[in-house]
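Numbering starts at 1 and runs along the sequence shown. Order of appearance sets the numbers: ligands from 1, and atoms from 1 within every ligand. Note: hydrogens, waters and symmetry copies are ignored here, and every other heavy atom, side chains too, is used.
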Amino acid sequence: MNEPTLVENCVERAQQVFPAGSNGEFNLPPELSIVIDRGKGGELWDTEGRRFLDFSLGWGSSLIGHANPKVVEAVRRQAPLGSNFAYITRDSLQLAEEIVRVSPACEQVRFCASGTEATMYCQRLARSFTGRRKILKFEGAYHGANEIGVTSLFPTSPPNYPHPDPTSAGIEAIVKPTVLVAPFNDLATTERIVAKHAHELAGVIAEPLQRCVPPAEGFLEGLRELTERYGILLMFDEVVTGFRLAYGGAQEYYGVVPDLVAYGKALGGGYPIGAFGARREIMDLVREDRMGQPDYMWVASTLGGNPISMAAACAALEVFAGKGVYEHLHWLGRYVREGIERVLSDAQVTSQVIGDGPLAQVVFSDQPVHDYRSTKAGDGARGRVLALELFRRGVFLNPMGTKLYISLAHDEAICDEFLEIFAASLAATS
Ligand SMILES: Cc1ncc(COP(=O)(O)O)c(C=O)c1O
């Protein structure tokens with residue numbers, strides 16, 4: 001009998017110890033399962049030496065590219081000096097100062113270890129600050145694995161607005177009475193919901209670029225005006241957009257300043273990170289010397305601000321602050337989106353490519369895409385078949401969402417190679 005290869009062996013072992021054989025990442029069919037060995041720049045290699053073009057980037061966390069030499073050097077310098085003190089270090093201080101400098105909403109920040117934590121603290125701050133309990137979110141938005149973050153993320157038969165769909169088991173009792181849901185980019189409907197519930201509404205949380213759907217002209221400005229009018233806090237989840245659309249994130253890119261901001265992903269240079277911030281009067285609620293007061297708000301994150309992530313983040317921001325970085329990222333994004341559009345149009349496939357900055361997504365629909373429902377109206381099954389074919393041909397991407405992340409380490413050659421594989425995959429699945 002032949003010895004099983006390492007990868008078969010690993011896949012089999014994974015089936016035993018991980019639900020569906022995965023750590024929750026991609027849920028690939030077993031024949032496509034791989035085990036990753038290493039990454040460099042915009043490429044990955046599996047344990048059998050097979051090369052992949054990476055258009056997932058650790059769900060966008062490695063915007064800087066895998067194993068960026070400056071990040072590696074910073075981590076190497078810090079590692080022998082200790083990996084966690086749960087206390088301020090020079091790097092965490094420097095990083096906090098830099099976030100406060102570039103984020104107009106933030107006079108103060110706190111670090112945590114993930115985007116999920118960061119948005120959870122923003123929601124809790126909104127409630128603590130206003131003394132109200134409801135949060136409004138937009139259908140189809142993801143704010144991490146916390147209860148509000150997953151609510152109405154993938155509703156199959158969405159309830160009428162503003163009723164939430166739990167999307168996950170185990171949260172219904174929490175989110176039904178506390179979460180309101182509105183359609184992204186529909187200011188009139190949002191305004192009606194906000195006006196009706198203003199007395200119990202603590203905050204509105206939004207991904208300024210929702211998944212890959214850009215905000216309609218005036219939508220974010222409208223949210224700003226609306227929330228201000230009713231004394232409701234506006235939260236921008238910048239976990240994806242932060243340091244990606246611009247150095248100053250969506251706040252700079254779209255020119256709208258929220259009350260609360262959550263960061264994660266790209267900020268960490270590929271290492272675990274989360275951060276949230278706001279003006280001082282809001283952040284004051286988390287001061288530990290207020291403990292015992294009714295509006296004191298609990299924050300604690302064992303690995304938040306750990307020196308390894310802080311060192312990596314400081315190094316990453318130094319790179320992001322370099323000349324021409326955002327011009328390059330936007331150029332790459334446009335290059336990929338326009339290239340995909342060309343391939344799809346040559347093949348006469350009804351579709352459109354959405355996204356902004358270094359992000360792209362194909363929607364198989366000719367109807368305008370402006371929110372969750374119009375995105376879902378596209379042919380999702382076709383998208384998944386195409387994504388699996390891309391994967392089969394060496395493009396590492398998330399076949400669940402087909403949102404493509406492009407890194408600073410991608411170049412024209414990688415994008416051209418991707419576009420060739422895209423054309424071949426489309427032909428093979430048409
Ligand atoms: C917009 C947005 N917010 C929050 C999160 C959660 O971040 P994390 O996975 O680091 O908890 C994600 C993750 O994909 C995200 O896309």
Check your understanding: Is the CZ atom of R287 crowded by more than 12 outside heavy atoms at less than 6.0 Å?
Key -> no
Q.
For the aromatic rings, using the six-membered ring if either is Trp, is the centroid distance between F55 and F396 under 6.0 Å?
A. no
Exercise. Any chance the side chains of S301 and E117 put a donor and an acceptor closer than 3.5 Å?
Worked result: yes
Salt bridge (Lys or Arg N to Asp or Glu O under 4.0 Å) pairs touching residues 119-137, sequence neighbours excluded, are K134-E200
The answer, listing residues by chain and number that come under 4.0 Å of ligand 1 through any heavy atom, is S114, G115, T116, Y142, H143, G144, E207, R211, D237, V239, V240, K265
Residue pairs passing the salt bridge (Lys or Arg N to Asp or Glu O under 4.0 Å) test with at least one member in residues 179-192, sequence neighbours excluded, are E191-R229
Contacts of K376 meeting side-chain contact (heavy atoms from CB on, under 4.5 Å) (sequence neighbours excluded), chain-then-number -> Y372
